Chemist: 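Shown below is the structure under consideration.
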Amino acid sequence: MLILGIETSCDETSAAVYESSSAESGCLRSNVVASQVDLHAAFGGVVPELSARAHVERLPVVVSESLRLAGLSFSDLDSIAVTARPGLLSALLCGISFAKGLSLALDRPLYAVDHVKAHVAAAFLEFPSASLVESSARPINPGDLPVLALVASGGHTLMARQTSPLDFQLLGTTRDDAVGEAFDKVGQLLGLPFPGGPHVERAAASGDPSAFSFPVGIIRGAPLDFSFSGLKTAVLYALAKMPARERRRRTVDVAASFQRAAIRALSERAVTAVRETGIRSVVLCGGVAANRTLRQTLSSDLAAVGARLFVPPAVFCGDTGAQVAVYGSFLAAAGCPPVQDVDASTTSELFE
Ligand code: KG4
Ligand code: ZN
């Protein structure tokens with residue numbers, strides 16, 4: 001079955017074609033991502049109105065390109081999947097309207113995909129082994145389930161138990177900021193370009209992670225919940241105490257110390273979840289999962305408790321049509337009814 005995945009939940013316009021061969025396996029035929037980073041950089045964050053306009057302009061090109069790269073035409077498609085939630089409403093509606101139009105014009109079923117669940121689905125994608133980091137020698141397959149899914153993105157930070165490609169139970173979530181949001185805010189405080197995450201990682205590579213002792217947020221009575229606002233504020237106060245020249249000189253140390261605390265917060269929850277549930281496989285996904293130090297730290301911390309880490313290649317950690325197409329193929333394979341009328345929502349199904 002050939003399925004087109006469309007993603008417009010935030011600031012990437014993306015489309016991909018996935019060919020499923022059985023219920024949970026298949027091959028990615030194409031994946032095209034048009035990033036809007038340059039568009040939002042001057043504002044230091046995503047501007048929803050600009051994002052929506054760019055999606056409208058770019059979607060026809062991105063979708064056509066995904067078909068061209070797959071060597072297909074519209075009529076070859078068997079179904080269409082689109083991110084319906086969560087995300088920026090104006091951005092989601094662009095992808096949804098486009099996908100609805102295609103579904104009607106081609107008379108093909110349309111599947112509404114949850115963005116957070118789709119991030120986890122990226123770990124099911126099969127890739128040539130050369131593109132995988134040492135911590136993930138192969139993609140996850142249904143035989144590995146149940147797994148613990150640790151989603152670390154700009155909008156979400158949560159831990160869930162995944163019992164089938166479609167079934168998740170939420171174990172813990174953030175009480176305030178998402179970890180990616182904390183990376184971005186710290187990047188902004190350090191005067192680094194938008195989005196802060198990859199730039200903080202780059203700065204941290206030459207800094208001393210023990211230069212500052214930043215707090216790891218703990219929620220009493222909820223060991224799998226996260227909190228990143230205290231960490232962010234601690235960075236703000238540490239910087240406020242420094243004269244401008246010292247601040248510049250110590251940017252790398254602040255970045256490294258912040259990154260260490262943020263990674264500890266994720267890793268400690270993953271180890272606790274392994275101990276509490278007895279589940280020995282953890283999937284790390286979402287934009288922040290591209291962070292190499294996080295991948296390495298989590299991999300070794302999990303190995304120490306007898307658990308293994310699955311993580312998609314870095315290019316499939318961010319927002320892609322690929323994850324939408326894969327999750328859509330899971331919905332189709334499970335016999336889930338296609339939707340006639342897709343509604344956009346700002347909340348993930350995981351919170352219902
Ligand atoms: O999953 P994603 O692409 O979009 C959302 O669903 O939110 O995640 C984007 C987040 C941003 O906060 C970005 O700064 C962060 O992922 N990110 C990183 C890295 N690459 C992207 N954070 C830390 N290190 C990275 N290398
Ligand atoms: Zn995302």
Side-chain angles (χ1 to χ4, degrees), residues 10-12 35-47 119 150-159 173-219 225-270 284-298 301 314 317-319:
C10 189
D11 59 347
E12 321 276 14
S35 171
Q36 300 179 3
V37 162
D38 294 348
L39 210 60
H40 303 290
F43 304 95
V46 178
V47 183
H119 266 305
L150 174 56
V151 182
S153 73
H156 294 87
T157 301
L158 57 85
M159 177 80 69
T173 186
T174 184
R175 297 290 182 105
D176 38 58
D177 295 343
V179 64
E181 208 176 339
F183 265 94
D184 294 344
K185 288 199 176 133
V186 167
Q188 210 170 24
L189 291 174
L190 291 172
L192 299 172
F194 165 83
H199 297 281
V200 169
E201 175 177 24
R202 217 162 293 139
S206 44
D208 174 6
S210 52
F212 296 88
S213 165
F214 290 135
V216 175
I218 293 169
I219 309 290
D225 275 356
F226 304 83
S227 168
F228 292 98
S229 67
L231 169 58
K232 194 183 66 187
T233 308
V235 172
L236 176 74
Y237 286 162
L239 288 169
K241 278 192 216 140
M242 295 177 206
R245 193 183 308 159
E246 188 188 348
R247 217 179 292 162
R248 274 195 296 278
R249 192 171 51 78
R250 306 210 68 187
T251 291
V252 292
D253 290 338
V254 173
S257 304
F258 158 78
Q259 181 174 268
R260 175 150 96 173
I263 290 175
R264 260 188 61 198
L266 297 173
S267 182
E268 284 176 3
R269 300 313 190 283
L284 171 67
C285 59
V288 182
N291 185 293
R292 291 190 70 84
T293 313
L294 169 60
R295 295 160 85 98
Q296 283 153 6
T297 308
L298 200 54
D301 289 358
C317 289
D319 298 341

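Because the structure is predicted, anything quoted here is derived from the model rather than measured. Numbers for residues simply follow the sequence, beginning at 1.
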Chemist: Quick one: CG on Leu298 to CZ on Arg269, what's the gap to the nearest 0.5 Å?
Modeler: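 It comes to 12.5 Å.
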Chemist: Work out which heavy atom in Leu150 is nearest to a heavy atom in Met159; give both atom names and the distance.
Modeler: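 That would be CD1-CE, 4.0 Å.
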Chemist: Which heavy-atom pair separates Gly197 from Phe183 by the least distance, and what is that distance?
Modeler: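 For Gly197 and Phe183, the tightest heavy-atom pair comes out as CA-CB, 3.8 Å.
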Chemist: Measuring from atom OG of Ser267 to atom CG of Leu284, what distance do you get when rounded to the nearest 0.5 angstrom?
Modeler: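 Ser267 OG to Leu284 CG: 10.0 Å, rounded to 0.5 Å.
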Chemist: Any idea which heavy atoms bring Ala178 and Thr157 closest together, and the distance?
Modeler: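 Closest pair (atom of Ala178, atom of Thr157, distance): CA-OG1, 3.3 Å.
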Chemist: Just verifying a value: how many Å separate Phe226 CZ and Asp176 CG, rounded to the nearest 0.5 Å?
Modeler: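 Interatomic distance, Phe226 CZ to Asp176 CG, rounded to 0.5 Å: 11.5 Å.
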Chemist: Is the side chain of Asp319 donor-acceptor paired with the backbone N or O of Glu12 at a distance under 3.5 Å, no angle test?
Modeler: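 Judged by distance alone, no pair lies under 3.5 Å.
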Chemist: Can you measure from NZ (Lys185) to CD (Gln188) and round to the nearest 0.5 angstrom?
Modeler: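 Atom-to-atom, Lys185:NZ and Gln188:CD are 8.5 Å apart.
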Chemist: Looking only at atom types and distance, does a side-chain atom of Asp225 sit under 3.5 Å from a main-chain N or O of Thr174, one as donor and one as acceptor?
Modeler: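 No.
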Chemist: Under 3.5 Å, side chain of Arg175 to main-chain N/O of Ser227, donor-acceptor pair present?
Modeler: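 Looks like no, no N/O pair under 3.5 Å.
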Chemist: Which atom pair, heavy atoms only, marks the closest approach of Cys317 to Arg295?
Modeler: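 Smallest interatomic distance, heavy atoms only, reads SG-NH1, 3.6 Å.
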Chemist: Taking only residues two or more places apart in sequence, or in another chain, which ones meet Phe194 in a ring pair (Phe, Tyr, Trp, His ring centres under 6.0 Å)?
Modeler: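 Phe194 satisfies ring pair (Phe, Tyr, Trp, His ring centres under 6.0 Å) with no other residue.
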Chemist: In a table with atom names and distances, give each donor-acceptor pair under 3.5 Å that connects a side chain of residues 252-266 to protein atoms at least two apart or in another chain.
Modeler:
{"residue": "Asp253", "atom": "OD1", "partner": "Asp208", "partner atom": "N", "Å": "2.8"}
{"residue": "Ser257", "atom": "OG", "partner": "Asp208", "partner atom": "O", "Å": "3.2"}
{"residue": "Ser257", "atom": "OG", "partner": "Pro209", "partner atom": "O", "Å": "3.4"}
{"residue": "Ser257", "atom": "OG", "partner": "Phe212", "partner atom": "N", "Å": "3.1"}
{"residue": "Ser257", "atom": "OG", "partner": "Asp253", "partner atom": "O", "Å": "2.8"}
{"residue": "Gln259", "atom": "OE1", "partner": "Asn291", "partner atom": "ND2", "Å": "3.0"}
{"residue": "Gln259", "atom": "NE2", "partner": "Thr293", "partner atom": "OG1", "Å": "3.4"}
{"residue": "Arg264", "atom": "NE", "partner": "Glu268", "partner atom": "OE2", "Å": "3.0"}
{"residue": "Arg264", "atom": "NH2", "partner": "Glu268", "partner atom": "OE2", "Å": "3.1"}

Chemist: Going by salt bridge (charged side-chain N to carboxylate O under 4.0 Å, His left out), name the pairs with one or both residues in residues 226-244, residues two or more places apart or in two chains.
Modeler: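 Listed by first then second residue: Asp177-Lys232.
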Chemist: Restricting to non-hydrogen atoms, name the atom on Val288 and the atom on Gly180 that form the minimum distance, rounded to 0.1 Å.
Modeler: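 The pair with the smallest heavy-atom distance is CG2-CA, 3.5 Å.
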Chemist: Please find the pair of heavy atoms, one from Arg250 and one from Ala211, that lie closest to each other, and give the distance.
Modeler: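 Closest approach of Arg250 to Ala211, heavy atoms only: NH2-CB, 3.7 Å.
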Chemist: Arg247 side chain to Leu190 main-chain N or O, any donor-acceptor pair under 3.5 Å?
Modeler: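 It does not hold such a pair.
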Chemist: Can you tell me how far the CZ atom of Arg292 sits from the CG atom of Leu294, to the nearest 0.5 Å?
Modeler: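 These two atoms lie 11.5 Å from each other.
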